[in-house]
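Working notes for the structure below.
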Amino acid sequence: MKTVKEGLVSSVGVMPNMPSAKQGLQLLEGTKVGIGQHTNICLGKPCANPKLIPSMLDENGNFHSSKAFREAYKEGKELIKLDEAVIEIEAQYLRFKELTGRNPDYFEAHAVVSENLGKALAIVAKKYDLPFNDINPMVENGTFRGKPIHTLPYGAFAKDYDPLSCLQDGILHHFSEDMPNVAIFHPFHPGYLDDYILTHSSLTINRTKEVVMLTDIKTKEWLNKENIELISYKQANL
């Protein structure tokens, strides 16, 4: 909320299956921030009937962890079935509509590399004419509504992480006088720490560093100096 209302965050992803999604949206009421569906299949319970998606869940009825997906990706294994992924993604989309009363400004997935997940997202996006953000976290480039977009490397898992330097280095790497109009996407996870984050996430203290950087006037001044225009996915849809 702070980085939206007092800082530079222009789009926020909602995980429709999470219990706090409704409260999070309420915190952003009255802002012009873009709201997207950050489809989540690696944390918590599903939106779909668990009996319809057994390959996606562990013995306790929770989604497989992001770590399990990363290990499977390294071994060339696919953890989920395409038809089941479509069922859950569509259920999360319907939940998003229930929470917001509208379609998402962008449509993507959270933290998982899976061929079937990508195919399933494309199927649901086509069915409902959704603005598909096809960005694979393991590669540098992707597309949004079929147009190229560059994804900056996310360095927040480094112990010596400096959010501003990471942002500056990434932007300057992609920008040149020969290509002045480059679309660049940089993900952030700004937040404060509580027991849930400390016990469920490997990304902790660096979240708080991002809050500081994204609300620091010096960051905005640097972007202005470099003629970087900030837009949201909502504006990119126009």
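All values derive from a computational prediction rather than experimental measurement.
Enclosure of atom NZ in Lys97 by more than 12 non-hydrogen atoms of other residues, nucleotides or ligands within 6.0 angstrom is indicated. Residue Glu75 qualifies as enclosed at atom CD: its count of foreign heavy atoms under 6.0 Å is above 12.
There is a side-chain donor-acceptor pair under 3.5 Å between Ser201 and Arg207. Side-chain contact check for Asn103 and Tyr128: no donor-acceptor pair (N or O, by modelled atom type) lies under 3.5 Å. Counting only N and O atoms by type, the side chains of Lys45 and Asn62 include a donor and acceptor under 3.5 Å apart. In this structure, a donor-acceptor pair under 3.5 Å is present between the side chains of Glu210 and Tyr161. With 3.5 Å as the limit, one finds no donor-acceptor pair spanning the side chains of Tyr154 and His186. Glu108 and His38 share a donor-acceptor pair across their side chains, judged by distance under 3.5 Å alone. Side chains of Thr39 and Gln92: a donor-acceptor N/O pair is absent below 3.5 angstrom, by distance only.
One hydrophobic cluster, built from ILVMFWY side chains closer than 4.5 Å, holds both Leu28 and Phe188. Hydrophobic clustering (ILVMFWY, side-chain heavy atoms < 4.5 Å, transitive): Leu167 and Val211 are in distinct clusters. Val4 and Leu8 fall within the same hydrophobic cluster, where Ile, Leu, Val, Met, Phe, Trp and Tyr residues are linked whenever their side-chain heavy atoms come under 4.5 Å apart, directly or through other members. If you chain together hydrophobic residues whose side chains sit under 4.5 Å apart, Phe132 and Leu94 fall into the same group. By the rule that hydrophobic residues join a cluster once side-chain heavy atoms approach within less than 4.5 Å of another member, Leu130 and Ile123 end up as members of one cluster.
If you run side chain to side chain contact (heavy atoms under 4.5 Å, CB included) between Leu117 and each of Leu82, Leu79, Val86, Ile80, only Ile80 comes through.
Under the 3.5 Å distance criterion, the side-chain polar atoms of Glu88 are matched with a main-chain donor or acceptor of Ala48. A side-chain donor-acceptor contact under 3.5 Å links Asn40 to the backbone of Leu43. Under a 3.5 Å cut-off, the side chain of Asn206 and the backbone N or O of Ala158 do form a donor-acceptor pair. Ser55 places a side-chain N or O within donor-acceptor distance of the main-chain N or O of Lys81, the cut-off being under 3.5 Å. Under a 3.5 Å cut-off, the side chain of Ser10 and the backbone N or O of Ile231 do form a donor-acceptor pair. In this structure, the side chain of Asp105 does not engage the main chain of Val33 through any donor-acceptor pair within 3.5 Å. A side-chain donor-acceptor contact under 3.5 Å links Thr219 to the backbone of Met213.
Nearest heavy-atom pair across Tyr106 and Asn133 is CD1-ND2, 4.3 Å. Residue Thr3 comes nearest to Pro190 through the heavy atom pair OG1-CG, 3.6 Å, listed as atom of the first residue, atom of the second, then distance. When every heavy atom of Cys42 is checked against every heavy atom of Ser66, the shortest pair comes out as CB-N, 3.7 Å. Across Leu203 and Ala156, no two heavy atoms sit closer than the pair CD1-O, 3.6 Å. Of all the heavy atoms in Met15 and Ala21, the pair that sits closest is O-CB, 3.6 Å.
How far CD of Glu90 is from NZ of Lys127: 3.5 Å, rounded to the nearest 0.5 Å. In this structure, CD1 in Ile87 is found 5.0 Å from CG in Leu52, a value given to the nearest 0.5 Å. The line from CG of Asp216 to CD of Glu6 is 12.0 Å long, rounded to the nearest 0.5 Å.
With respect to the salt-bridge test (charged N to carboxylate O, under 4.0 angstrom), the residues Arg95 and Glu98 qualify. A salt bridge between Lys225 and Glu221 is absent, with no side-chain N of the basic residue lying under 4.0 Å from a carboxylate O of the acidic one.
Aromatic ring pairs are classed by plane angle as parallel below 30°, tilted from 30° to 60° and perpendicular above 60°; the pair Phe107 and Tyr93 is perpendicular.
Between Lys2 and Tyr192, some side-chain heavy-atom pair lies under the 4.5 Å cut-off.
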